[in-house]
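Since we're looking at a predicted model, the values are computed, not measured.
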Amino acid sequence: MRKNRRVRTAGEMGRAIKRDWDRYGTGLLAAAGIVALVSLLGHGLCPSRELLGLPCPGCGLTRSILLIFRGRFEESWRLQPFGSAWLALAVVFVLDRYVFCFGQKLWKGLLTLVCMGMIALYIYRMATLFPHTEPMTFYEENLLRRIYDWSGQLFLSRSV
């Protein structure tokens, strides 16, 4: 059976956005608050980098997207080629969820491809660029290192 393929009315779009805000608004506000707090404290947002000192598959993604918004496309591509893919995916998601009534969920297949591509790029970059080439650098001030240093100092102070 073929689904109705049409553009939603403004009222339908508004109701869909309100429905999603009612469902996910608290979580979005909490996430935004955490990001703001971490930014104010001067730390990065990547848990892998902050905890282990290692870059993650999305390393450089935020900076890449910000560079696209500034029109610095070549620099964005060098930092994280998937920045443009994530922006395109966001547009497809918004159109699929709020504008068109296709029911195809095209963005799910694209999401899978983008994630697989990012993992392949991550493996390649870890093998060829880590730990000295941006964005695949080792973060010396990671939490595990600080805990290790702190525990060593605690042990030494007890033995003196």
What distance do [X] atom [atom1] and [Y] atom [atom2] have between them, rounded to the nearest 0.5 Å?
| X | Y | atom1 | atom2 | result |
| --- | --- | --- | --- | --- |
| Arg72 | Arg78 | CZ | CZ | 9.5 Å |
| Leu29 | Ile34 | CG | CD1 | 11.0 Å |
| Tyr24 | Thr26 | OH | OG1 | 12.5 Å |
| Arg8 | Met13 | CZ | CE | 8.0 Å |

Backbone N or O of [Y] within a donor-acceptor pair of the [X] side chain at under 3.5 Å?
| X | Y | answer |
| --- | --- | --- |
| Gln80 | Cys59 | yes |
| Ser48 | Leu54 | yes |
| Arg49 | Tyr139 | no |
| Ser64 | Ser76 | yes |

How close do [X] and [Y] get, counting heavy atoms only, and between which atoms?
| X | Y | answer |
| --- | --- | --- |
| Gly58 | Met118 | CA-CE, 3.4 Å |
| Phe100 | Val7 | CE2-CG2, 3.6 Å |
| Ser84 | Trp77 | OG-CZ3, 4.3 Å |

Please tell me if the side chains of [X] and [Y] come closer than 4.5 Å, counting only heavy atoms from C-beta onward.
| X | Y | result |
| --- | --- | --- |
| Glu50 | Leu143 | no |
| Glu75 | Leu67 | yes |
| Glu134 | Arg63 | yes |
| Thr133 | Thr137 | no |
| Lys108 | Leu111 | no |
| Pro57 | Leu121 | no |
| Leu144 | Leu51 | no |

Cluster link [X] to [Y], ILVMFWY, side chain under 4.5 Å:
| X | Y | answer |
| --- | --- | --- |
| Leu89 | Leu79 | no |
| Leu129 | Leu61 | no |
| Ile68 | Val92 | yes |
| Trp86 | Met116 | no |
| Tyr122 | Phe82 | no |

Exercise. Are more than 12 heavy atoms from other residues, nucleotides or ligands located less than 6.0 Å from atom OH of Tyr124?
Worked result: no

Problem set entry | Contacts of type salt bridge (Lys or Arg N to Asp or Glu O under 4.0 Å), residue Arg145, not counting sequence neighbours | Glu140

For this session: Mind checking salt bridge (Lys or Arg N to Asp or Glu O under 4.0 Å) for Arg15 and listing every partner two or more places apart, or none if nothing turns up?
Result: none

For this session: In plain terms, say whether Arg6 and Glu12 are close enough for a salt bridge, that is, a side-chain N and a carboxylate O under 4.0 Å apart.
Result: yes

